[in-house]
Protein chains: 4
Amino acid sequence: MRKKFKKKNTIILSALKLFSKKGFYNTTISEISNNMGVSVGNIYNYFPSKKSLAKASIKFVTEKLAAELRYINNGDMSQKEKIRQFVSVYFVFIQKNPEMIEYFFRVYLSNRELFCDEEDCGFSLAKEFIDEIERLITTGVEYGEFKERDFYVAFSLITGILGAMTFLNGENVLEENLNIYTDEVANTIYKALSC
Amino acid sequence: MRKKFKKKNTIILSALKLFSKKGFYNTTISEISNNMGVSVGNIYNYFPSKKSLAKASIKFVTEKLAAELRYINNGDMSQKEKIRQFVSVYFVFIQKNPEMIEYFFRVYLSNRELFCDEEDCGFSLAKEFIDEIERLITTGVEYGEFKERDFYVAFSLITGILGAMTFLNGENVLEENLNIYTDEVANTIYKALSC
Amino acid sequence: MRKKFKKKNTIILSALKLFSKKGFYNTTISEISNNMGVSVGNIYNYFPSKKSLAKASIKFVTEKLAAELRYINNGDMSQKEKIRQFVSVYFVFIQKNPEMIEYFFRVYLSNRELFCDEEDCGFSLAKEFIDEIERLITTGVEYGEFKERDFYVAFSLITGILGAMTFLNGENVLEENLNIYTDEVANTIYKALSC
Amino acid sequence: MRKKFKKKNTIILSALKLFSKKGFYNTTISEISNNMGVSVGNIYNYFPSKKSLAKASIKFVTEKLAAELRYINNGDMSQKEKIRQFVSVYFVFIQKNPEMIEYFFRVYLSNRELFCDEEDCGFSLAKEFIDEIERLITTGVEYGEFKERDFYVAFSLITGILGAMTFLNGENVLEENLNIYTDEVANTIYKALSC
DNA sequence: CATGAATGAGTGTTCATTCAT
DNA sequence: GATGAATGAACACTCATTCAT
């Protein structure tokens with residue numbers, strides 16, 4: 001079973017690399033299988049369809065990212081410090097796992113049709129990640145460190161600025177290494193949220 | 001010639017509607033042609049390929065959006081007021097032309113491969129829109145109303161929060177009408193940017 | 001429209017030839033299209049699926065066969081003579097259109113799954129043919145020429161013996177030309193049915 | 001060896017059930033193996049190919065059916081009585097082993113390609129069954145009970161009417177239990193064959 | 001300009017068969 | 001013998017693009 005699990009992850013990583021680079025519709029199963037030295041048919045022993053592979057991939061990514069954020073949220077520090085660490089960890093993550101973040105933005109957020117079931121058409125696959133953002137915000141409000149404001153605006157502020165920076169970085173627009181921006185981004189977020 | 005121009009726009013609008021709803025790769029030329037009561041072949045009299053239609057569409061959208069923002073930028077008021085109007089106009093635009101904004105986010109930002117030529121792989125198609133954002137920021141800094149800070153961070157702040165709100169709205173996550181959020185979003189942006 | 005109809009029939013005839021010779025599952029769409037000098041894709045302009053082509057084919061066959069039998073049924077003669085003509089016409093039909101009859105037996109009768117819709121899983125596609133057999137029997141009973149007996153037994157007698165002869169002929173088991181058997185088969189049926 | 005034989009039969013029975021229900025081409029080896037709790041690979045220890053399994057299955061079926069008919073043929077009674085018993089035994093067999101008869105009709109008779117070798121493309125696999133039908137007919141002729149007539153016509157009469165009844169029964173067209181029809185079918189056959 | 005039938009390369013998926021364990 | 005992961009050829013179907021009318 002361990003082995004089966006390992007193999008699934010290997011397939012996901014291969015898919016992630018290609019999906020993020022070329023997009024879902026421009027990546028063929030046969031490319032994914034070639035890329036990892038496995039036959040086409042064998043992929044179907046682990047995932048029943050290309051779509052299901054895309055779903056498993058986003059699950060994989062968000063869990064990984066959420067784990068890092070969860071660790072920070074559980075820590076004992078001011079919200080200001082938490083935000084700084086959030087941004088820092090996120091920027092490091094982007095650089096270590098660019099294909100995961102690219103996948104999140106370019107495939108997950110843009111191809112609704114792939115991740116919608118009849119019942120569940122939403123963010124459930126990214127829930128773990130979203131939950132951590134939510135915790136960060138609500139804790140800050142509870143502690144009186146953040147001004148009480150509409151949740152969606154606060155949520156959009158944080159994810160929006162991080163997303164946009166990710167995007168600029170992915171497009172090679174930024175002139176410097178992402179890390180350089182950590183403090184400024186963190187301060188901007190904090191200033192906007194604080195009382 | 002006038003007529004030719006009109007027809008091109010009609011095709012673009014039909015494409016825009018379908019591309020934004022179903023994505024580029026899930027929309028067929030034949031759907032676009034059916035949707036507007038024109039033959040498949042005739043579309044190729046106006047656009048040499050599906051890709052070129054996608055490019056023309058994004059040009060169409062960004063010009064429309066940029067025009068509105070340019071008007072505000074040209075106005076004579078404080079940056080604070082400009083930001084409020086920016087947000088307001090943008091939110092109205094989303095609601096009046098959801099397919100244009102959806103197209104911008106779901107097709108343009110997510111399908112690099114469609115908008116990259118050999119020489120030019122960037123934002124040139126959205127340049128007009130980006131330029132207005134830039135003007136808003138640099139003018140604010142010049143007038144001493146905004147703190148001097150890295151341009152990319154400021155740019156990400158504005159476009160990020162607006163983008164994220166757009167996204168939440170598109171997913172029907174927001175409980176209220178978008179307009180409700182105008183002031184809070186504008187204030188958040190202003191607070192983050194100001195000295 | 002006439003043209004479209006003609007083309008549909010050409011496709012059906014090509015399909016009929018191959019389906020009957022090699023079976024449904026051993027015939028590829030590409031073989032059907034090659035066989036008639038048309039591209040694969042074009043077949044799909046006329047039939048939405050391989051299955052639907054199989055359905056249209058059986059309709060085509062049964063209508064053709066039923067037309068011949070109907071003509072006899074409408075004639076003014078004894079049932080004995082009608083049966084003789086039935087058998088005769090049927091045997092001629094087999095020899096002129098072997099692929100149609102082969103299709104009927106080898107594909108239609110043996111591949112339930114192809115011809116079953118959710119609602120209608122039966123012989124509706126062959127109804128016209130069955131109806132003529134039924135008319136022959138019931139008229140004979142009404143005229144007192146046939147003994148009254150269970151309908152299904154009479155039906156099985158007629159279609160069974162003809163089917164079995166068809167089968168032996170198709171397998172090249174028969175030593176003589178089918179026509180030779182006309183009288184003997186007709187007499188056998190008549191004897192079994194008559195009072 | 002005994003054990004090997006048993007296992008082969010178990011596999012055949014599993015195959016028979018699925019082939020008859022879904023057809024040869026819609027049944028996968030893996031379904032057959034699941035159905036009997038054995039691994040895919042192991043089936044190949046007993047049968048070298050799917051095709052060979054289909055052949056072994058038809059052998060199995062015809063031997064079983066032939067055995068019953070042989071017993072009757074060996075009995076000491078009039079041909080009329082033999083025919084009645086033939087029909088009766090056959091109808092009982094259908095009801096007890098529907099999958100065997102379905103297999104005979106839907107797979108064996110309709111998929112020539114499966115049962116044709118280079119040398120032998122015929123009924124050799126069903127020979128035992130056919131032989132008993134032949135014996136019934138020729139004995140009847142010898143005893144002067146049946147009119148001398150072409151063998152193939154007589155053969156088609158018997159197998160045709162039984163086959164057609166089988167078919168109607170399989171399609172749930174018959175309104176009554178098959179047994180009800182025994183006498184009428186037997187009489188019809190006898191009447192047609194007798195002097 | 002307009003039409004829509006025709007093309008054919010390309011893709012996801014299946015499944016009989018093999019073989020290392 | 002028994003297992004089931006791995007293979008890869010094959011097939012139904014799609015769709016951007018062309019072109020004769």
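- Listed for the Glu63(C) side chain is no donor-acceptor partner under 3.5 Å among the backbone atoms of Phe60(C).
- As the counterpart of dC13(F), dG10(E) is assigned, both hydrogen-bonding distances of the Watson-Crick or G-U wobble pattern falling under 3.5 Å.
- Of the listed nucleotides (dT7(F), dC13(F), dT7(E)), dT7(E) has the atom at the smallest distance from the side chain of Asn45(C).
- A donor-acceptor pair under 3.5 Å links the side-chain atoms of Thr62(D) to the main chain of Lys59(D), judged by distance alone.
- Set against dG12(E), dT3(F), dT7(E), the side chain of Asn42(C) has dT7(E) as its closest nucleotide.
- Side-chain proximity of Thr28(B) to dG1(F), dA16(F), dT7(F): nearest is dA16(F).
- For dA2(F), one of the phosphate oxygens OP1 or OP2 lies less than 4.0 angstrom from a side-chain nitrogen or oxygen of Lys7(D).
- dT21(F): Watson-Crick or G-U partner is dA2(E), with both key distances under 3.5 Å.
- Note on Lys4(D): a side-chain N or O is less than 4.0 Å away from OP1 or OP2 of dG1(F).
- Note on Ser52(B): nothing from the nucleic acid sits closer than 4.0 angstrom, heavy atoms only.
- When the side-chain nitrogen and oxygen atoms of Tyr46(A) are compared with OP1 and OP2 of dA6(F), one or more of them lie within a distance under 4.0 Å.
- Contact annotation: the side chain of Lys50(A) approaches that of Phe24(A) to within less than 4.5 Å [non-hydrogen atoms, C-beta and beyond].
- Within 4.0 Å of Ser33(C), counting heavy atoms only, lies no atom of the nucleic acid at all.
- Checking the phosphate oxygens (OP1, OP2) of dA5(E), no side-chain nitrogen or oxygen of Tyr44(C) falls inside 4.0 Å.
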